[in-house]
Amino acid sequence: ESMLTYAKQLVLKNAHAARMGDPAEFVRKTEWLGRPVKDPVEYAKASIHRAEQMWNYVRGSTNTPVSTAMADTVATARNVVSAAALGSAVLSAPSDLAFQKTARQFAGLPVNGMLGEIVRNFSTASQREMTRTGLILDSAAHTLGENARYAGLQTGKAWSVVLQDRVMAGQGLSAWTQAGKQAFGLIFQGVLADHAHVLYEALPGAVARTLRRYGIDAGMWDVIRMTPLHELQAGSGATILRPADVRALDPQQVLQAYARRAEVVPPPRGLSMAQRARFLEHNVRLLTNSLVDTQHEVVQLRQTVADLPFMVRNGDEARRLRGLEASIPRYEAKIKELTAEAAQLRADAARLDASPQTPAGRLDLFPGLAGDPAESVARDIARNAAERYLEMILAETEYAVPTGTVRSRTMMIGDNQPGTGTGELLRSAAQFKSFGASVWQMQVGRMARETAGNGIAAGAAYATSLLFY
């Protein structure tokens with residue numbers, strides 16, 4: 001609740017700055033093809049209102065009935081109508097292939113063999129594997145069809161909820177939907193596993209753009225790609241890169257990932273000058289080790305490139321060699337900078353006699369509290385990388401297999417609660433429109449963003465790929 005309040009205040013502050021003509025990040029949200037389309041403050045208020053509606057829906061207040069008897073009666077009637085009307089809904093399921101094809105192409109994933117991958121995910125063994133990868137979390141969170149694809153949220157008498165859910169499951173629609181989501185998530189993790197050896201700058205264009213859309217930069221990608229790969233079946237050679245394994249990374253591996261880019265993790269707050277000096281000296285050692293490794297790799301690559309035929313000397317090895325050679329001066333400059341800063345901090349600490357007595361080699365965040373701040377920061381970085389990675393997979397999966405989003409549901413019912421005349425009327429009117437609203441909101445929204453960000457041709461290309469499967 002407090003975080004939402006802070007976000008609202010920040011958005012309004014930026015909106016008022018944009019209205020006055022001051023630099024503000026929010027101003028880019030009020031333009032379409034370079035033209036202002038709405039007053040920033042009014043746009044901000046509308047966005048805040050929608051965010052509040054979504055928050056109320058997620059925490060449950062929007063679905064809390066005012067009159068339980070009225071809500072149960074009308075919801076039961078809706079469930080019976082849905083069970084009767086959706087008996088052949090599975091016939092519309094092949095349209096998922098068009099959505100999944102477009103989503104895969106947009107994210108840089110392979111399209112060939114898509115149907116076979118979906119069919120393989122019907123097996124029980126596959127379900128167990130997907131549980132470990134975090135791809136069927138929604139199945140646990142939305143039991144008995146609360147994530148119902150075509151009918152929306154299921155409430156009412158228990159027997160009517162079960163009836164509707166069994167109609168959807170009995171015709172195979174629930175299994176088809178889940179298998180499609182699992183296939184997409186699995187191929188996503190497999191593609192990133194295949195590119196784990198590739199630097200951020202050398203990633204394929206569509207994959208790199210997908211990472212950037214979710215805030216995964218070069219440093220975070222280096223953390224993710226250091227994760228040990230998971231083999232789906234022993235001896236199969238098929239590997240995936242799981243978010244849970246990113247979260248479980250050893251802190252020293254995270255620090256090494258930063259050192260390999262001639263960067264260091266930011267020091268935490270609360271360190272004394274002497275503690276900060278030891279923190280910097282620890283990073284200097286990591287950078288020095290990475291510099292030595294890089295120099296050795298440069299020597300080996302130079303020999304490899306020299307042995308290649310003249311026509312292929314501009315291939316991957318040559319590009320990697322140029323990148324490593326360019327990184328050596330950065331390493332040397334960073335090491336020099338941190339060494340000087342650490343020496344100055346130690347001198348200041350000695351002069352002011354502000355250094356706490358701590359065991360050699362340890363970094364204490366506060367006096368009396370043992371712990372290594374560098375490792376603490378590294379754990380936070382690994383957790384953040386894993387969360388961003390999983391967010392990317394689940395968000396892109398919704399484009400591949402539309403099932404209804406909180407945003408699309410609140411667009412239809414707003415803040416109106418069940419058990420009221422308005423609430424029941426809107427829920428009944430929106431009964432079979434959850435899927436369509438989700439498709440409209442997400443796919444048309446992506447077309448608009450492509451048009452605004454990359455020009456009309458990019459938006460038209462996305463629309464064409466979706467409409468002409």
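FYI, the numbering just counts along the sequence from 1.
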For the pair [X] (side chain) and [Y] (backbone), establish whether a donor and an acceptor sit closer than 3.5 Å, ignoring hydrogens and angles.
X      : Y      : value
Thr410 : Arg407 : yes
Arg104 : Pro110 : yes
Gln100 : Met114 : no
Tyr200 : Ile216 : yes
Ser61  : Asn56  : yes
Gln253 : Asp250 : yes
Asn289 : Arg285 : yes

Closest approach of [X] to [Y] (non-hydrogen atoms, all atoms of both residues):
X      : Y      : answer
Ala44  : Val11  : CB-CG1, 3.7 Å
Val246 : Ala385 : CG1-CB, 4.1 Å
Trp221 : Ala196 : CZ2-CA, 4.3 Å
Asp222 : Arg225 : OD1-NE, 2.8 Å
Lys101 : Ser465 : NZ-O, 4.3 Å
Asp96  : Pro402 : OD1-CD, 4.4 Å

State the [atom1]-[atom2] distance between [X] and [Y], to the nearest 0.5 angstrom.
X      : Y      : atom1 : atom2 : result
Tyr214 : Leu390 : OH    : CG    : 11.5 Å
Met411 : Thr405 : CE    : OG1   : 8.5 Å
Leu249 : Thr227 : CG    : OG1   : 4.0 Å
Ile393 : Ile187 : CD1   : CD1   : 12.0 Å
Met220 : Arg388 : CE    : CZ    : 4.5 Å
Trp55  : Thr62  : CH2   : OG1   : 11.5 Å

Hey, does [Y] have a side-chain heavy atom less than 4.5 Å from the side chain of [X]?
X      : Y      : result
Thr239 : Leu232 : no
His230 : Leu241 : no
Thr294 : Ser327 : yes
Lys334 : Val284 : no
Met392 : Leu192 : yes
Met442 : Ser408 : no
Leu97  : Ile118 : yes
Thr102 : Tyr399 : no

Between Glu387 and Arg383, does a side-chain contact (heavy atoms from CB on, under 4.5 Å) hold up when you go through it step by step?
CA-CA 6 Å; Glu387 290 173 352; Arg383 183 179 65 250; 3.5 Å; yes

CA sep, side-chain torsions, deciding dist, call: Phe99, Val401, side-chain contact (heavy atoms from CB on, under 4.5 Å):
CA-CA 7 Å; Phe99 292 121; Val401 187; over 6 Å; no

Run Gln295 and Ile328 through side-chain contact (heavy atoms from CB on, under 4.5 Å) and show every step you take.
CA-CA 8 Å; Gln295 291 169 333; Ile328 290 177; 4.1 Å; yes

Regarding [X] and [Y], do their side chains bring together a donor and an acceptor under 3.5 Å, going by distance alone?
X      : Y      : answer
Ser47  : Arg50  : no
Tyr389 : Gln189 : no
Gln53  : His49  : yes

Carefully, step by step, assess Phe106 and Tyr462 under the rule ring pair (Phe, Tyr, Trp, His ring centres under 6.0 Å).
CA-CA 8 Å; Phe106 195 75; Tyr462 184 84; 5.3 Å; yes

Would you call [X] and [Y] a salt bridge, taking side-chain N to carboxylate O under 4.0 Å as the test?
X      : Y      : result
Lys181 : Glu398 : no
Arg302 : Glu297 : no
Arg446 : Glu396 : yes
Lys8   : Glu52  : yes

Starting from the C-alpha separation in whole Å, work towards a yes-or-no answer on salt bridge (Lys or Arg N to Asp or Glu O under 4.0 Å) for Glu337 and Arg330.
CA-CA 10 Å; Glu337 174 193 340; Arg330 293 201 306 270; over 6 Å; no

Does the pair Ile240 and Leu229 meet the rule for a side-chain contact (heavy atoms from CB on, under 4.5 Å), with working shown?
CA-CA 6 Å; Ile240 59 174; Leu229 303 181; over 6 Å; no

As a test of understanding, state which of Val223, Asp380, Val377 forms a side-chain contact (heavy atoms from CB on, under 4.5 Å) with Val254.
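Looking at Val223, Asp380, Val377, the match for Val254 under the side-chain contact (heavy atoms from CB on, under 4.5 Å) is Val223.
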
